[in-house]
2 protein chains.
Amino acid sequence: MLDDDSPPTLSNPLEGLVGYHLRRAANAMLVDLGRRIEPLGLTLTEMSVVQLIAANPGIRQSEIGKALAIKRANMAPIIAALEARSHVSRMALDGRSQGLNLTDSGEAVVRQLRIHVAENEAWLMRHAGSGAEARLIAQLRAIWA
Amino acid sequence: MLDDDSPPTLSNPLEGLVGYHLRRAANAMLVDLGRRIEPLGLTLTEMSVVQLIAANPGIRQSEIGKALAIKRANMAPIIAALEARSHVSRMALDGRSQGLNLTDSGEAVVRQLRIHVAENEAWLMRHAGSGAEARLIAQLRAIWA
DNA sequence: TATTGTTATACTCTATAACTATA
DNA sequence: TATAGTTATAGAGTATAACAATA
């Protein structure tokens, strides 16, 4: 079968775009991180929220949303899910605000999380290497390719 | 009201992570690009697919999937939607494969697309600037912050 | 047997709108 | 009036599983 099964020498005009590499690199990073934290039973968004609570005990969910660019409407189910798994507890600050804190279970998860995040960062730097600035595309491409 | 409405001096441990900035930067880029191409009635994924067809007339959708990391199962509705809007036509290559081509309408869309993508790239570089390699975090952060 | 395309389905993330209640 | 939280809903994007038809 010599019908040219070799790589179809496909032309990809997106290869020259920084935005394309940025998207692919971010996706690759999220896939790697997602696999690492999978055993913890947290989504990537829950992961970042938990880390923010760990660093800011008593924080309000509206503050988390502002810091991480998550809309109020999307914060509600995230906090509810974390509370349902007993990772987060709420304490009324006033009639409408609640201070969020990690439970022991939540603290344990964060400890594991830090390890996986560090591994993910190491994975990132391993792929990105240290390069000059004009090498931005090459760096980002190296992450997913 | 002097209850300290100033920024809550919130601690964000994610700020030190390359992965965090990568995710935020990619999201910011996609928001900018999404707004630009919105008038064309294409999603971001459809946009990249159309560009690949434009550069590779007669390409099979399985090849597009491989190039852009889109699963076969997800390619089907994308191509169907592009065909439904008469941007793409199919031509049987053999009993199971189809060669994809742009229609006149599809070509017109791609011409507009190229302009918006170039604008998005300019926007990206305007924010990222040209910087050294250790400035990777700063560069990426500058895109979304 | 492996590949191409398809359908069905589910989950994550994001978005807007509208509502309650509290400040 | 503005804010904090909630609910409902929708649209992207991605994932797996299973199937038919063809190579």
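Numbered from 1 within each chain, the chains take letters A, B, ... in sequence-line order.
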Give every pair of a protein N or O atom and an N or O atom of nucleotides 20-22 of chain D that lie under 3.5 Å apart, one pair per line with the distance.
{"from": "D:dT22", "atom 1": "O2", "to": "B:R96", "atom 2": "NH1", "distance (Å)": "2.7"}

**Any residue of residues 71-78 of chain B with a heavy atom less than 4.0 Å from an atom of DNA chain C** = B:R72, B:A73, B:A76
**Request:** Output yes when at least one side-chain N/O atom of A:S62 is less than 4.0 Å from OP1 or OP2 of D:dG5, else no.
**Result:** yes
**Request:** Identify, with sequence neighbours excluded, every residue that meets side-chain contact (heavy atoms from CB on, under 4.5 Å) alongside B:R90.
**Result:** B:Q61, B:I79, B:A80, B:E83, B:Q98, B:L100
**Fill in**
Heavy-atom nearest pair, A:W123 first then A:R36, reads CB-NH2, 3.5 Å
**Request:** Rounded off to whole Å, could you give me the CG-to-P distance for the A:D32 and D:dT14 pair?
**Result:** 17 Å
**Request:** Grab the CD1-P distance between A:I64 and D:dT6 for me, whole Å please.
**Result:** 11 Å
**Message:** Is it the case that over 12 heavy atoms from other parts of the model lie below 6.0 angstrom from the CG atom of A:D104?
**Reply:** no
**Taking every non-hydrogen atom, the tightest pair across B:G58 and B:N101** = N-OD1, 3.2 Å
**Message:** On a heavy-atom basis, which atom in B:E46 and which in B:A81 lie closest, and how many Å separate them?
**Reply:** OE2-CB, 3.7 Å
**Prompt:** Within this structure, what is the CD-to-P distance between A:Q98 and D:dT3, rounded to whole angstrom?
**Reply:** 18 Å
**Message:** Measuring from atom CG of B:L44 to atom CD1 of B:I37, what distance do you get when rounded to the nearest 0.5 angstrom?
**Reply:** 4.5 Å
**Asked** Going from CG on A:N120 to CG on A:D32, what distance comes out if it is rounded to the nearest 0.5 angstrom?
**Response** 5.0 Å
**Message:** Could you tell me how far apart B:I37 (CD1) and D:dA12 (P) are, to the nearest whole angstrom?
**Reply:** 10 Å
**Prompt:** Listed in order of residue number, which residues of residues 44-53 of chain A have a non-hydrogen atom at under 4.0 Å from DNA chain C?
**Reply:** A:L44, A:T45
**Message:** What is the separation between atom CZ on B:R60 and atom P on D:dA23, rounded to the nearest whole Å?
**Reply:** 12 Å
**Request:** Evaluate whether atom CD of B:E107 has more than 12 neighbouring non-hydrogen atoms of other residues, nucleotides or ligands under 6.0 angstrom away.
**Result:** yes
**Asked** Looking at residues at least two apart in the chain, or sitting in another chain, which of them share a side-chain contact (heavy atoms from CB on, under 4.5 Å) with B:T103?
**Response** B:S89, B:S105
**Message:** How long is the straight-line distance from CG of B:L10 back to CZ of A:R60, given to the nearest 0.5 Å?
**Reply:** 10.0 Å
**Fill in**
Assign each of A:L68 and B:G99 the nucleotide of DNA chain C bearing its closest heavy atom; nearer the 5' end lies the nucleotide of B:G99
**Request:** Taking all non-hydrogen atoms of both residues into account, name the closest pair between B:H87 and B:L42 and its distance.
**Result:** CD2-CD2, 4.1 Å
**Prompt:** Earliest and latest nucleotide of DNA chain C, 5' to 3', sitting under 4.0 Å from a non-hydrogen atom of chain B?
**Reply:** C:dA2 to C:dT14
**Asked** When the distance from CD1 of A:I79 to P of D:dT6 is rounded to whole Å, what number comes out?
**Response** 8 Å
**Message:** Can you give me the closest heavy-atom contact between A:P13 and B:L52, atom names plus distance?
**Reply:** CD-CD1, 3.9 Å
**Item:** Closest non-hydrogen atom pair, A:S48 against B:L14
**Value:** CB-CD1, 3.6 Å
